[in-house]
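Taking it in order: structure first as structure tokens, then the write-up.
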Amino acid sequence: MADFSPSALSAEDRALADGVLGGNRRALAKAITLIESIKPDHQQRAEALLETLLPHTGRSLRIGITGVPGVGKSTFIEAFGLHLIGQGHRIAVLAVDPSSSVTGGSILGDKTRMEILSQRTEAFIRPSPSSGSLGGVAEKTREALLLCEAAGFDVILVETVGVGQSETTVAGMTDCFVLLQLPNAGDDLQAIKKGVVELADIVAFNKADIDPVAAERAAAQMRAALAMLRPAAARWQPPVLTVSAIQRTAIADFWQTLLNYRQTMTDAGELAAKRRRQARDWMWTMIDAGLRRRFREHPAVHGALPELARSVEAGAVTPAAAAHKLLNMLNRYF
Ligand code: GDP
């Protein structure tokens, strides 16, 4: 069998790996900075570090969470995180926010948003990587998630505001995907239209304290919508809860619902299957991205592409013929 054993680490990186394994938050932050670096030598070191730590990953409950800005995600995560710490857990909060590369600053995972939680040693909060495409941001977040697991965080939340495809991306790297909703019909319709409801394993209506009756009504409507969207035979029917992040009510119920989900899906072998599928998909995503990059950087392609693209635009060459021609150039040098 081929040897896939990890490359040797330098003494410095060995110490970093040990720091991460020891649960040291500074070492963890440093390791994440290393994986986020775009310098080629850093990338090589990061790859070796991840390979070394890989056997220590996989032992957390990975939770994705989404909801429009203002729905109360940070308030909720703070309440939920403190509840979990009270139960002896260690919680990491990561974010996938592709918009941060546009606005230049991360709007998610910002420490000041979860002031009390961020001061606890049992919590680790990391903003979204702030550069690159959604694919790039997602890749770094996936790797950061593994590092958090190696550091012994046993509950990991990956938060997103749902810009573009980011919800699908986060659902693709977590065990359980949670949709936070506001108790008004407009918010429901948005989420249904965007297909986010289909991704949800649990839906929670936040701010139920403002108008409990309205929140219950919204929850009932969502249950009806979900019943139509989900095949009745599915192992898990997404529960719909009402919560108040600010008053910290129903936070324990929410955690119990997550535990039920994990138990049900584990017993059915579906959680392990989901992770296997996610790992394979991740590999293919990386292969696709790598091939695209190599294709664009290939000297012959690089030389011919602009002119061929213009010819396609002008209708002089068909898109298929141009694609074939460019792809064939790879055969010569690959
Ligand atoms: P995010 O943008 O989704 O992270 O939302 P925030 O957590 O920043 O909350 C937005 C606003 O809603 C803040 O003013 C919060 O105090 C408020 N808020 C959050 N959760 C609740 C809740 O359960 N009830 C009420 N009444 N207000 C809430």
Side-chain angles (χ1 to χ4, degrees), residues 63-86 91-120 123-130 137 141 155-164 166-167 169-171 174 176-191 194 196-197 199-200 202-219 222 239-258:
I63 305 162
I65 188 160
T66 191
V68 295
V71 69
K73 287 182 299 302
S74 31
T75 312
F76 182 78
I77 292 171
E78 173 136 298
F80 180 56
L82 292 171
H83 176 78
L84 289 181
I85 289 172
I91 179 167
V93 183
L94 306 172
V96 170
D97 176 15
S99 67
S100 64
S101 56
V102 181
T103 57
S106 180
I107 53 167
L108 286 177
D110 182 341
K111 286 200 172 143
T112 55
R113 292 171 66 237
M114 295 156 214
E115 236 168 298
I116 308 170
L117 189 63
S118 63
Q119 286 167 18
R120 299 292 299 254
F124 178 80
I125 299 174
R126 180 86 181 185
S128 178
S130 58
V137 168
T141 306
V155 179
I156 300 180
L157 274 171
V158 184
E159 180 191 7
T160 184
V161 277
V163 183
S166 68
E167 276 135 341
T169 304
V170 170
T174 48
C176 185
F177 193 66
V178 177
L179 172 61
L180 271 193
Q181 285 278 105
L182 289 169
N184 65 58
D187 201 29
D188 275 19
L189 287 176
Q190 266 305 98
K194 279 178 61 201
V196 187
V197 174
L199 296 172
I202 298 173
V203 179
F205 281 89
N206 189 33
K207 308 198 185 185
D209 54 288
I210 297 174
D211 184 347
V213 177
E216 266 315 319
R217 196 183 317 126
M222 179 59 81
V240 182
L241 313 177
T242 56
V243 301
S244 166
I246 219 155
Q247 295 187 350
R248 302 196 180 166
T249 50
I251 303 294
D253 294 344
F254 176 73
W255 177 230
Q256 189 53 51
T257 306
L258 276 166

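Counting convention: from 1, in listed order, for ligands and their atoms alike.
- Looking at ligand 1, you'll find an N or O of D209 within less than 3.5 Å of one of its N or O atoms.
- At distances below 3.5 Å, at least one donor-acceptor pair connects side-chain atoms of T160 with backbone N or O atoms of V96.
- By the criterion of a heavy-atom distance under 4.0 Å, both the backbone and the side chain of V71 are placed next to ligand 1.
- Checking only distances, G70 does come within under 3.5 Å of ligand 1, N or O to N or O.
- With hydrogens and angles disregarded, no donor-acceptor distance shorter than 3.5 Å links the side chain of N206 to the backbone of L180.
- Within the 4.0 Å heavy-atom shell around ligand 1 one finds V68.
- You'll find the side chain of V137 stays beyond 4.5 Å of the side chain of D97, heavy atoms only.
- Proximity to K73 (heavy-atom distance under 4.0 Å) selects the following atoms of ligand 1: 1 (P), 3 (O), 4 (O), 5 (O), 7 (O).
- The distance from the OG1 atom of T249 to the CG atom of L241 is 11.0 Å, given to the nearest 0.5 Å.
- Applying the 4.0 Å criterion to heavy atoms of S244 picks out, from ligand 1, the atoms 23 (O).
- When atom types are taken as modelled, the side chain of K73 and the backbone of G67 share a donor-acceptor pair closer than 3.5 angstrom.
- One distance of note links CD of E78 with CD1 of I246; it measures 10.5 Å at 0.5 Å rounding.
- For the pair I246 and ligand 1, the shortest N or O to N or O distance falls below 3.5 Å.
- Side chains of S244 and D209: a donor-acceptor N/O pair is present below 3.5 angstrom, by distance only.
- With sequence neighbours excluded, the residues forming a side-chain hydrogen bond (donor to acceptor under 3.5 Å, both in side chains) with Q256 are N260, listed by chain and number.
- Checked by distance only, ligand 1 and G72 come closer than 3.5 Å through their nitrogen or oxygen atoms.
- Remark: ligand 1 atoms within the under-4.0 Å shell around heavy atoms of T75 are 6 (P), 7 (O), 9 (O), 15 (C), 19 (C), 20 (N).
- Against a heavy-atom cut-off of under 4.0 Å, I210 is close to the following atoms of ligand 1: 26 (N).
- Annotation: side-chain hydrogen bond (donor to acceptor under 3.5 Å, both in side chains) contacts of D253 (sequence neighbours excluded): none.
- Residue contact annotation: P69 has a non-hydrogen atom under 4.0 Å from ligand 1.
- Residue contacts with ligand 1: A245 is placed with a nitrogen or oxygen under 3.5 Å of a nitrogen or oxygen of the ligand (distance criterion only).
- Relative to atom 18 (N) of ligand 1, the option among K207, Q247, E78 with the closest non-hydrogen atom is K207.
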